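Okay, so here's the structure we're looking at.
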Amino acid sequence: MNPALGFDADLIVVGGGPVGLAAAIEGREAGLDVVIVEPRDGPIDKACGEGLMPGALAALHRLGVDPSGHEIAGIAYLDATRLVEHRFGESAGRGVRRTVLHAALLERALDAGARVERAKVVGVESEPDRVSVRLAAVGSSADGIDANLRTVSAPWVIAADGLHSPVRRLLDLERPAQRDSRRRYGIRRHYALKPWTDLVEVHWSGEVEAYVTPVDDRTVGVALLGPRRTDLDAALASIPRLAERPAAAPAITPLRGAGPLLQRTSARTAGRVLLVGDASGYVDALTGEGLRVGFAQARSAVAAIVAGRPARYERAWRSETRDFRMLTSGLVAAARSPLRHRIVPVAVAAPRLFGAIVDRLAR
Ligand SMILES: Cc1cc2nc3c(=O)[nH]c(=O)nc-3n(C[C@H](O)[C@H](O)[C@H](O)COP(=O)(O)OP(=O)(O)OC[C@H]3O[C@@H](n4cnc5c(N)ncnc54)[C@H](O)[C@@H]3O)c2cc1C
């Protein structure tokens with residue numbers, strides 16, 4: 001950091017979710033003075049399938065983070081009568097509660113020397129030599145945010161402020177949203193249930209996909225993807241394989257939702273601001289690799305900053321998200337088409353193709 005230039009840090013990370021925390025750790029490892037701006041107190045929960053693919057787990061290990069959870073040995077697709085499974089090769093994934101993941105990443109970021117500012121970003125201005133970030137303090141006023149505004153600045157900002165990224169909107173990097181009828185949403189809940197499998201099970205029903213992920217020895221998470229206002233209980237009751245378990249087990253977390261899932265961006269950098277994680281664009285949770293892709297982006301963004309070449313990040317983003325954009329978009333298109341009911345039978349009939357796609361997305 002160069003206080004003579006009036007900087008508050010070398011790097012400001014907006015958003016202290018998993019990808020923002022990973023970026024902060026990468027920044028500290030690269031010797032940068034890092035401030036994370038996050039309005040919420042941790043550990044932060046979120047609607048998520050909570051399946052860390054092998055590549056996501058490897059990225060966490062590289063960062064020195066090893067959250068506890070339940071081993072995930074592969075992925076299964078199921079409908080009422082069929083099942084196909086693919087087991088990962090040597091390296092397993094892990095089902096990890098978001099709160100556990102967040103606590104582990106936050107602890108590591110703080111140990112590495114990142115500072116956390118509890119505030120909300122309400123303005124961003126990228127100038128030729130700096131970024132000025134306007135903060136609203138999280139206060140005790142009725143709406144939770146008091147009127148105190150102040151500005152901090154740094155040579156670089158990484159925006160990791162999630163699916164509905166305010167920074168992306170402030171910098172005019174958003175592309176138009178999809179028609180309402182095509183939008184997909186996610187909801188999730190946890191059940192007190194001993195996991196019966198070490199796979200992430202994806203149950204395909206008429207309109208929704210239900211993801212079952214073991215997250216510890218006594219807890220199973222269910223995430224549902226589908227149209228807006230899907231009723232989770234009714235949806236689970238309509239899936240014969242899930243009607244007994246977990247639908248009949250005690251729910252131990254409140255419902256959480258997220259969406260619309262598809263978020264498109266016109267660019268991932270604006271001057272000295274780099275978008276990472278869901279803020280940089282998101283396709284769908286159908287293939288469960290948001291965290292893996294986000295951690296890779298955090299690494300590339302910091303490398304580009306250290307090199308002083310933000311354009312490098314744009315190139316890295318394109319290559320890191322290619323499979324996610326292509327394969328996931330293709331699968332979502334099939335899921336919304338009249339061919340939807342053919343997805344599981346095709347995967348059963350072509351297990352090698354199914355395995356190749358799973359491996360490609362899990363790397
Ligand atoms: C239903 C569902 C299931 C999923 N399942 C999986 C899965 O199984 N595996 C997987 O890898 N991925 C999965 N994903 C995707 C994964 O959850 C995301 O990719 C991941 O959470 C992205 O992390 P992030 O840090 O970019 O964003 P977030 O986790 O959303 O964090 C963003 C942070 O920014 C903060 N913020 C927001 N506004 C501001 C502001 N103005 N100022 C400062 N901070 C701000 C927020 O408080 C938040 O803490 C799933 C997603 C959904 C919706």
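Values below: all heavy atoms of this structure, side chains included; hydrogens, waters and symmetry mates excluded. The structure displayed is predicted, hence computed values, not measured ones. Counting convention: from 1, in listed order, for ligands and their atoms alike.
For the atom pair CD1 (Ile12) and CG (Leu135), the distance works out to 7.0 Å, reported to the nearest 0.5 Å. Taken to the nearest 0.5 Å, the CZ atom of Arg183 stands 9.5 Å off from the CG atom of Leu262. Separating the CD atom in Glu207 from the CG atom in Leu224 is a distance of 10.5 Å, to the nearest 0.5 Å.
Which parts of ligand 1 touch Glu289 is read off a 4.0 Å heavy-atom cut-off, strictly below it: atoms 11 (O). Near Gly51, the atoms of ligand 1 lying under 4.0 angstrom from a non-hydrogen atom of the residue are 7 (C), 8 (O), 9 (N), 10 (C), 11 (O). For ligand 1, the atoms sitting less than 4.0 Å from at least one non-hydrogen atom of Pro39 are 43 (C), 44 (N), 45 (C), numbered in the order shown with element in parentheses. Within ligand 1, counting atoms from 1 as listed, the ones closer than 4.0 Å to a heavy atom of Arg98 are 16 (C), 17 (O), 20 (C), 21 (O), 29 (O). Of all the atoms in ligand 1, the ones that sit under 4.0 Å from a non-hydrogen atom of Ala285 are 2 (C), 3 (C), 4 (C), 50 (C), 51 (C), 52 (C). Counting atoms of ligand 1 from 1 in the listed order, those under 4.0 Å from a heavy atom of Val37 are 43 (C), 44 (N). Short contacts between ligand 1 and Gly162, defined as distances under 4.0 Å to a heavy atom of the residue, involve ligand atoms 27 (O), 30 (O), 32 (C). Against a heavy-atom cut-off of under 4.0 Å, Glu50 is close to the following atoms of ligand 1: 7 (C), 8 (O).
Residue contacts with ligand 1 for Ile44 involve side-chain atoms from C-beta outward but no N, CA, C or O (heavy atoms, distance under 4.0 Å). Residue contacts with ligand 1 for Ala160 involve N, CA, C or O but no side-chain atom from C-beta outward (heavy atoms, distance under 4.0 Å). Heavy atoms of Lys120 found under 4.0 angstrom from ligand 1 belong to the backbone as well as the side chain. The side chain of Lys46, and not its backbone, has at least one atom closer than 4.0 Å to an atom of ligand 1 (non-hydrogen atoms only; side chain from C-beta on).
Of the candidates Ala23, Gly288, Gly294, it is Gly288 that places a heavy atom closest to atom 10 (C) of ligand 1. Here the shortest heavy-atom distance to atom 39 (C) of ligand 1, taken over Leu224, Leu261, Asp161, belongs to Asp161. If you check each of Glu38, His102, Arg169, Arg188 against atom 46 (C) of ligand 1, the one with the closest non-hydrogen atom is Glu38.
Residue, atom and distance of the protein heavy atom nearest to atom 14 (N) of ligand 1 are Tyr282 OH, 3.5 Å. Among all non-hydrogen protein atoms, the one lying nearest atom 3 (C) of ligand 1 is Gly49 N, 3.0 Å. Closest protein heavy atom to atom 13 (C) of ligand 1: Cys48 SG, 3.6 Å. The protein atom (non-hydrogen) at minimum distance from atom 52 (C) of ligand 1 is Ala47 O, 3.5 Å. Taking atom 41 (N) of ligand 1 as the reference point, the nearest protein heavy-atom neighbour is Val121 O, 3.0 Å. Ranking protein heavy atoms by distance to atom 26 (O) of ligand 1, first place goes to Asp278 N, 3.1 Å. Closest to atom 31 (O) of ligand 1 among all protein heavy atoms lies Gly17 CA, 3.6 Å. Looking at atom 12 (N) of ligand 1, its nearest protein heavy atom turns out to be Gly290 N, 3.5 Å.
Looking at Asp284 and Ser329, their side chains never come closer than 4.5 Å, going by heavy atoms from C-beta outward. Asp33 places a side-chain heavy atom less than 4.5 Å from the side chain of Arg115.
No N or O atom of Leu225 sits closer than 3.5 Å to an N or O atom of ligand 1. Residue-to-ligand polar distances keep Gly186 apart from ligand 1: every N/O pair is separated by 3.5 Å or more. For ligand 1, one of its N or O atoms has an N or O atom of Val19 under 3.5 Å away. Every N/O-N/O distance between Ala258 and ligand 1 stays at or above 3.5 Å. Close N/O approach between Gly277 and ligand 1 is not found [any backbone or side-chain N/O within under 3.5 Å].
Checking side-chain atoms of Ser205 against main-chain N and O of Val208 turns up a donor-acceptor pair under 3.5 Å.
In this structure, Glu174 places its CD atom where more than 12 heavy-atom neighbours from other residues, nucleotides or ligands lie under 6.0 Å away. Other residues, nucleotides and ligands contribute over 12 non-hydrogen atoms within 6.0 Å of the CZ atom of Arg108. Around CD of Glu314, the count of heavy atoms belonging to other residues, nucleotides or ligands within 6.0 Å exceeds 12. Annotation for Glu244: atom CD does not count as buried by contact number, only 12 or fewer foreign heavy atoms lying within 6.0 Å. The environment of Arg218 atom CZ is sparse: at most 12 non-hydrogen atoms of other residues, nucleotides or ligands sit within 6.0 angstrom.
Remark: Glu209 engages Arg340 in a salt bridge, criterion side-chain N to carboxylate O under 4.0 Å. Ionic pairing of Arg87 and Glu85 is present here: one or more N-O contacts between side-chain nitrogen and carboxylate oxygen are shorter than 4.0 angstrom.
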Would you list the atom pairs, donor with acceptor, under 3.5 Å between side chains in residues 13-20 and any protein atom, with sequence neighbours excluded?
none

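Counting only residues at least two apart or on different chains, the side chain to side chain donor-acceptor pair (under 3.5 Å) pairs with a member in residues 50-62 are Glu26-Arg62, Glu50-Arg97, Glu50-His190, His61-Asp66.
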**Message:** One pair to check against side chain to side chain contact (heavy atoms under 4.5 Å, CB included): Val133 and Val157. What are the steps and the verdict?
**Reply:** CA-CA 9 Å; Val133 179; Val157 164; 3.7 Å; yes
